Amino acid sequence: MIVIKFPDNSVKEFKRGVSSLEIAESISPGLAREVYASTVNGDVRDLSRPVNEDSSIIFHKWEDKEAKHAFWHTSAHLMASALEALYPGIKFGIGPSVENGFYYDVDPGDGVVISEADFPSIEDKMRELAKDNNKMERIEISKADAMKLFQEKGDEYKTELISELEDGTISLYKLGAFTDLCRGPHMPDTEKIKAIKLLSVAGAYWRGDEKRKMMTRIYGITFPKQKLMDEYLAMLEEAKKRDHRRIGRELELFAFSQKVGMGLPLWLSRGADLRQRLIDFLTAELKRRDYNIVSTPHIGNVELYKISGHYEKYGAASFQPMNTPQEGEQFMLKPMNCPHHCEIYNATSHSYKDLPIRMAEFGTVYRYEQHGELHGLTRVRSFTQDDAHHFCEPDQMKEEFKNVIDLVQWVFKSLNFNDYKAQISLRDPNNKEKYIGNDENWEKAERAIIEAADEKGLDTTVVEGEAAFYGPKLDFMVRDAIGREWQLGTIQVDYNLPERFDMTYIGTDNQKHRPVMLHRAIFGSLERFVALLIESTAGKFPLWLSPDQVIILPISEKYYHYSKKVLNFLNNSDIRTLIDERNEKIGKKIRDNELKRIPYLLIIGEKEEKSSTVSVRKQGEGDKGVMKLEDFVDFIKEEIKNELG
RNA sequence: GCCUCUUUAGCUCAGCCGGUAGAGCAGCUCAUUCGUAAUGAGCAGGUCGCGGGUUCGAGUCCCGUGAGAGGCUCCA
């Protein structure tokens with residue numbers, strides 16, 4: 001007999017070799033029905049695997065990610081099984097579970113295309129196979145035998161994966177006629193897979209290498225209940241409504257034009273206003289924080305980028321240099337502001353007493369992003385960075401990091417932007433030759449970032465190998481409406497440019513020293529920031545930022561005269577106010593302006609005119625009652641004051 | 001750049017097996033002058049992304065190309 005310990009610390013004896021599922025059944029059949037995977041002594045395992053020694057056990061119900069992963073991983077096998085039945089000769093790459101569902105990378109063979117039109121037949125086959133209550137059978141064999149098996153099958157992708165595994169036992173999972181190399185864990189069978197939907201097909205390079213074959217990746221999702229599927233699909237629909245490309249068009253914030261060119265955003269007046277408001281907001285804070293605002297041209301001599309090293313690294317993938325009427329001179333659209341800023345630093349001499357110098361610019365840069373990469377405002381070819389560079393002594397680096405983290409936290413908080421992640425990117429310790437700079441400097445910089453984040457109470461994840469080639473960095477990432485992560489704010493250490501531009505300051509010893517340079521952005525790019533702000537607020541901006549703050553809705557023409565007086569009064573009080581003079585009923589005006597997400601609607605009719613009041617309605621909240629006009633101004637000013645802390 | 005799909009009115013979309021286009025919203029006009037999420041009627045709006053081809057005839061089929069979507073790769 002063996003002793004099994006449960007999460008509540010109770011213990012129970014079972015016969016050796018009992019499965020997790022049997023343990024669950026012994027507690028209650030209800031639990032057994034709801035459990036999808038188990039963690040035995042810290043390892044997530046199939047429910048059907050035998051437990052052979054005294055163990056602690058945790059059961060995973062649907063709420064746990066371990067359960068979902070087993071569920072979706074098994075679903076991936078189910079899909080593969082269906083594909084194998086429908087597409088003879090199809091070969092399989094990898095098929096993992098992901099955050100929402102699963103995918104499988106397959107090679108259906110030359111000339112065979114799987115497209116969305118094929119989904120219904122694949123889904124039907126999956127349903128058919130799932131219903132047969134197919135058992136998931138775990139098979140353990142030697143590496144050599146596994147190799148032989150997949151060689152006979154002619155699946156070069158699996159044999160490649162096997163050849164990289166360590167010698168010893170390899171696990172396979174067999175589902176009906178489909179056997180796959182797989183570590184598991186899986187559900188015991190496919191009985192619980194009740195709702196099935198394939199979502200999309202996409203190309204994906206084998207092993208993420210663009211030089212290798214493009215596989216067909218099929219994404220799908222499954223649930224144990226149709227209700228969960230319906231909820232998930234409804235959630236996706238809701239997310240689409242928050243898409244900044246859609247809201248940007250609806251609210252007339254920005255547009256794109258084929259004639260102007262792809263990836264080149266056009267800010268319409270309302271969007272440009274909002275963008276400018278963000279710039280003013282940040283500029284005021286930068287001045288309080290001892291930044292110097294500078295301004296530099298949109299182009300630079302190609303020699304500048306040869307000095308910075310960017311030409312060598314990115315020149316071929318950039319907008320190409322433009323020529324002057326005279327021969328021999330070439331200029332590039334600036335892809336970043338830092339080389340210009342380095343030359344501003346070098347325009348005057350510096351002593352240690354000047355440092356740190358914080359140089360900021362809202363600089364518009366141009367990058368030739370690959371065609372397939374462009375996406376709304378989040379990935380464009382022309383964008384404005386809220387860029388700044390801190391030039392400091394090496395010992396000041398940590399303090400500067402803390403300053404920037406503090407600024408990011410303050411800005412994000414002011415904008416009610418709470419759902420962000422901080423990621424520290426360090427160099428890959430096994431691949432140091434990818435980076436420039438000596439070990440000592442790298443270690444110093446990495447330590448400074450980690451300590452600064454720690455001292456600011458910033459919750460970070462650390463990723464090795466993601467550093468820029470010139471230094472480690474700290475990025476602030478935010479998710480968009482459909483769950484993709486985008487980088488907004490960033491702080492990066494750079495030992496490279498001070499060297500290349502031969503930047504110096506005079507130290508206390510009267511000798512020349514090399515400053516350290518930090519690159520930093522808070523919004524990242526205004527385009528991307530506005531996009532994510534739109535998606536996080538669904539277009540309902542904070543009052544201070546909203547393109548229009550108030551709209552006046554006269555009940556009828558009779559009240560236009562008083563309405564215009566109110567309009568002038570509010571606009572003179574610096575409240576951005578519109579008037580809806582369309583010949584429509586009040587219900588229609590309310591509806592339309594609610595949909596335009598204007599924060600306050602003022603209804604004006606006979607009562608209001610007689611009493612010099614306005615009837616206030618807040619977007620999304622409804623009627624707020626009647627107020628004296630002057631009181632309404634104070635009310636709005638108070639709300640804005642509170643928003644800006 | 002690569003894979004799959006999409007591209008029809010300002011927007012959202014319909015248009016079957018090929019027989020030269022249709023709805024709702026928005027816009028404009030008229031009537032209505034209205035109290036908290038859609039008043040009614042009428043009008044106007046399209047070389048069906050662009051260029052070729054097949055055909056008696058192409059929005060529809062084929063080829064090329066532009067743009068968009070979802071991924072992959074990339075992201076100073």
Side-chain angles (χ1 to χ4, degrees), chain A residues 98 103 105 113-119 199-219 240 243 245-246 249-250 252 255-259 261-263 305 308-315 317-318 334-339 365 367-376 378-381 385 387 466 468-471 473 482 484 486-487 490 492 494 496-497 519 525 528 553-560 582-595 601-608 615-626:
Chain A
V98 290
Y103 68 79
D105 283 349
V113 172
I114 300 176
S115 76
E116 284 179 29
D118 303 311
F119 285 180
L199 298 170
S200 64
V201 281
Y205 298 110
W206 172 234
R207 316 213 73 182
D209 183 344
E210 63 181 322
K211 292 181 191 68
R212 304 194 65 177
K213 189 171 174 93
M214 171 95 30
M215 312 279 284
T216 302
R217 176 171 295 180
I218 305 176
Y219 285 89
K240 275 191 198 156
D243 191 311
R245 292 163 298 182
R246 175 185 177 138
R249 189 169 48 229
E250 284 172 3
E252 297 179 4
F256 289 90
S257 152
Q258 276 201 39
K259 292 193 180 73
M262 61 202 296
Y305 302 105
S308 73
H310 291 108
Y311 186 80
E312 192 191 345
K313 196 164 167 62
Y314 294 103
S318 297
K334 70 174 171 186
M336 79 290 293
N337 303 298
C338 25
V365 298
R367 295 183 183 174
Y368 184 80
E369 300 288 358
Q370 291 188 81
H371 170 271
E373 275 313 322
L374 299 171
H375 179 90
T378 51
R379 195 80 186 265
V380 287
R381 287 177 170 170
Q385 294 179 314
D387 206 0
E466 286 292 306
F469 71 94
Y470 50 76
K473 58 179 182 167
I482 59 170
R484 283 179 293 212
W486 298 93
Q487 178 210 302
T490 182
Q492 312 184 357
D494 190 343
N496 179 41
L497 288 181
H519 305 252
S525 98
R528 183 177 287 179
L553 313 180
I555 298 279
S556 82
E557 251 174 275
K558 292 184 201 160
Y559 315 108
Y560 280 9
R582 292 175 309 158
N583 185 6
E584 292 290 350
K585 292 172 86 166
I586 196 68
K588 168 77 163 165
K589 290 189 186 184
I590 288 169
R591 180 185 153 79
D592 287 350
N593 290 294
E594 286 268 348
L595 291 175
L601 314 185
L602 297 184
I603 290 140
I604 285 180
E606 191 180 354
K607 275 188 305 194
E608 289 77 12
S615 192
V616 181
R617 198 189 148 98
K618 187 164 186 176
Q619 127 84 23
E621 293 181 21
D623 199 348
K624 290 277 162 187
V626 175

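Chain identifiers are assigned alphabetically (A, B, ...) following the order of the sequence lines, protein sequences preceding nucleic acid strands; residue numbering begins at 1 within each chain. All of these numbers come straight from a predicted model, not from anything done at the bench.
- Base pairing of B:A9: no nucleotide in any strand meets the Watson-Crick or G-U wobble criterion (both distances under 3.5 Å).
- Between A:Arg367 and B:C74, a side-chain N or O to OP1/OP2 separation shorter than 4.0 Å is absent.
- Nucleic acid contact for A:Lys313: none, since no nucleic acid atom lies under 4.0 Å from a heavy atom of the residue.
- Residue A:Leu553 holds its CG atom at 7.5 Å from CG of A:Leu602, rounded to the nearest 0.5 Å.
- Using a 4.0 Å cut-off, no side-chain N or O of A:Lys213 falls inside it from OP1 or OP2 of B:C2.
- Across all strands, A:Lys607 comes closer than 4.0 Å to base atoms (heavy-atom distances).
- Residue-to-nucleotide contacts include a donor-acceptor pair under 3.5 Å from the side chain of A:Tyr205 to the base of B:G1.
- Nucleic acid contact for A:Arg217: sugar-phosphate only, since backbone atoms but no base atoms lie under 4.0 Å from a heavy atom of the residue.
- Within the 4.5 Å cutoff, no side-chain heavy atoms of A:Glu606 are placed close to those of A:Ile555.
- A salt bridge between A:Arg245 and A:Asp243 is present, with a side-chain N of the basic residue lying under 4.0 Å from a carboxylate O of the acidic one.
- Taking only distance into account, the side chain of A:Glu608 meets the base of B:G35 through a donor-acceptor pair shorter than 3.5 Å.
- Heavy-atom distances to RNA chain B give each of A:Ile603 and A:Ala468 a nearest nucleotide, and the one nearer the 5′ end belongs to A:Ile603.
- Candidate nucleotides B:C74, B:G66, B:A69 were compared by shortest atom distance to the side chain of A:Arg379, and B:C74 ranks first.
- OP1 or OP2 of B:A67 lies within a sub-4.0 Å distance of a side-chain N or O belonging to A:His371.
- As judged by a 4.0 angstrom heavy-atom cut-off over every strand, A:Val365 is placed among residues making no nucleic acid contact.
- Residue contacts for A:Ser308: at a heavy-atom cut-off of 4.0 Å it reaches no nucleic acid atom on any strand shown.
- With its glycosidic angle within 90° of 0, B:C17 is assigned syn.
- Judged by atom type and distance alone, A:Glu116 does not reach the base of B:U4 through any side-chain donor-acceptor pair under 3.5 Å.
- The line from NZ of A:Lys313 to OG of A:Ser318 is 12.0 Å long, rounded to the nearest 0.5 Å.
- Using a 4.0 Å heavy-atom distance criterion, A:Ile555 is classed as a base contact.
- Atom CZ of A:Arg207 is separated from atom C1' of B:C3 by 20 Å (rounded to the nearest Å).
- Residue A:Arg246 has no polar side-chain atom (N or O) positioned under 4.0 Å from OP1 or OP2 of B:C11.
- Taking only side-chain nitrogens and oxygens, A:Arg212 never comes nearer than 4.0 Å to OP1 or OP2 of B:C2.
- Residue A:Gln487 is out of contact with every strand shown, counting any heavy-atom pair closer than 4.0 Å.
- Using a 4.0 Å heavy-atom criterion, one finds that A:Gly605 contacts the bases of the nucleic acid, with or without backbone contacts as well.
- Among the protein residues, A:Phe469 comes within range of no part of the nucleic acid, since none of its heavy atoms lies under 4.0 Å from any strand.
- Once the 5.5 Å centre distance and the 30° plane angle are applied, the aromatic ring of A:Tyr219 is found not to be stacked with the base of B:G71.
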